[in-house]
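A short worksheet on the structure shown next.
Basis for what follows: all heavy atoms, side chains included, without hydrogens, waters or symmetry-related copies.
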Amino acid sequence: MDRLKGYGKILFFVGIPLVPLLAFWFIPMFVSLWLSTTDWDYISPEFNHVMLENYQTILTSGNFYAALKNTAFFSVMTVIPTIIFGLVFAALLKKVMKGSTLFKSLLFSPWITPMVAMSIVWTWIFQPDVGLLNQILGWFHLPQPSWLTDSNTAMWAIIIVTIWKNAGWAMLFYADALSKIPNELYEVGKMEGTSWWQNSKYITIPLVSPTTLFLVIISLIDAIQAYDQIQVMTQGGPAGSTRTLLYLYYQMAFEQFNMGQATALSTIIVILTGVLAFLLFYTSKKWVHY
Amino acid sequence: MKKISLKNITKQYDTNQEKILENFNLDIYDKEFIVLVGPSGCGKSTTLRMIAGLESITSGELSINEQVMNDVPSKDRGIAMVFQNYALFPHLTVFDNIAFGLKIRKEDKKVIKERVEETAAKLGLTNYLKRKPKDLSGGQRQRVALGRAIVRNTNIFLMDEPLSNLDAKLRIQMREEIIQLHNQLGTTTVYVTHDQTEAMTMASRIVVLKDGAIQQVGTPHEVYMHPANMFVASFIGSPTINFLTVKVTSHALKIDEQKIVEMPLDNSTPNEIIIGVRPEDIELVSEPDAIKLTIHRVEMMGADKYVYGEIMGQKLTVRVHNELDIQSKQHLHIKLNPRKVHLFEKETGKAIETFVKDTVVV
């Protein structure tokens, strides 16, 4: 009887949180897996089972590989600078402006501002003729690209906005990680006469490595899922230069109403994300020190 | 030979803040084991950190090996330091931790390997070289921290409460090991602790500090037998020394007209003074007219018993042999030996030098 009671308790406590998880996560996931084997057009009640045809179409289309390339480029170019800026800002915050909350909040404020609102503001900044950025570049007699309307620079513009938004967020995590490094370790360094670079290489970077792993994984997933800024600023253009995998998915599903292919693509994105996260965790044994 | 010399050293973090250390003067000689001891906030760690070059010196002169070192960077002072919390790099192996300084100084790889292995052998760490600090016990970590100092081949060691994180048993063992290393390597060591037992057992000379000022410098025997003031007397020795406020008459010291101890003192002695008597220096007697101690509490310490009580309203602790049965008693009769009574001025707490105190038969 007691044992039954125990099981009942477990079922009760595990069951309640499991309900929303099932309703909004597991079931939709299986439904979309099933959808990805159909040719449903999002509207009509009829559809056919096409098995793996959707996957075949995607994996052989040039659009997919172009978007994959864009996603990879976007991810690398946003994740690495976000990490570097975050660490540099946190180190500056610790050294130069000891715990300045004002500076901290200023750097963090982009992260709490909605991406959509920020993207609209940045669209104005990137405006080629009267935008702030080209004005400033003009003062220094630097080239003034057309930013969002040029397929060579549009991706860079999106990258800049994304880094700008995320660096302050990364800084906050690094600020905490840095504050946990015992000062004695730097004193050991001082006794031996370590340079600034040696301090970073032997002490700071290894000791914040768990934070780095966390930030890399979260911002990588964030990069793969980037949508708002692309939707507001370029809609995947010009000439597909800012079309990432997720944006391609959006266009397939809600512009072309090709739900079957779109869900197949989303499945591929999920698998890709999973593989990347696994790889990161796997290799982290070599460079993350707990 | 003077190894380290501190002349009128003063430390102040901010001009309007209190001075951490004022007019600190100390000469440390070759191969000495100097222990700086005092309660927290007395300036002992600050002093050590100034010698190390981790803190700037506000005024005064620091010389090491007869050279002024005030503005010389830590790495060029020819010293090695052992930190309180070991300060090991958690991501490096024992080998790399010990080798850290040599690597930074760009020593040859072969030399590094040789020196690290030799040091590890000295400390019994040979089998642990590939481990990370988290896989070591507290004592082993402490040894690695010592190894990092030894491998540098310097002859001045600074140690900042290196044993405070170890449990009591290990502390005694490491105490022994540090002393052995000190003798074996022929180094000059400056050791900071708040533990008077460590100071007494390890030091060749003790420096007792309080509120940024030196209270007394001397061998463990000197500071124990001839404390310069009440602070030193109470800080050194366990259980703590007893202080009694007494009246001075021509031939004896009295509390409320009862004679406490016979002691002919000259006329310059103030009327009221404080005497210090160590709990182990109190004799038990059977004469009923001796001083009567009312027992409050008895602590069994193993070899000894500590008897806490009072005489004429003043608290007194007596250390007695464990075989003495006092559990059933309410009173004890005691006698003070005039040779073992320390006299202090009531106002300043300073020791009063008397003829009785000078000669102690060892």
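Rounded to the nearest 0.5 angstrom, B:M81 CE and A:K190 NZ are separated by 11.0 Å. Annotation: the span from A:Q198 atom CD to B:K103 atom NZ amounts to 12.0 Å, rounded to 0.5 Å. In this structure, CD1 on B:I79 lies 4.0 Å from CE on A:M191, to the nearest 0.5 angstrom. For the atom pair CD1 of A:I203 and CG of B:L92, the computed distance is 9.5 Å after rounding to the nearest 0.5 Å.
B:L88 approaches A:L185 most closely through the heavy-atom pair O-CD2, 3.4 Å.
Other residues, nucleotides and ligands place no more than 12 heavy atoms under 6.0 Å from the CD atom of B:E114. Counting heavy atoms of neighbouring residues, nucleotides and ligands inside a 6.0 Å radius, atom CZ of A:F281 does not exceed 12 of them.
Heavy atoms of A:E187 lying under 4.5 Å from chain B belong to its backbone as well as its side chain. Only the side chain of B:R152 comes within contact range of chain A, with heavy atoms under 4.5 Å apart.
When side chains are defined from C-beta on, B:F100 counts as touching A:T194, because their heavy atoms get closer than 4.5 Å.
With B:H91 contributing its side chain and A:Y202 its backbone, the two residues share a donor-acceptor pair below 3.5 Å.
Your options are B:K132, B:Q84, B:R49, and the one with the most heavy-atom pairs under 4.5 Å with chain A is B:R49.
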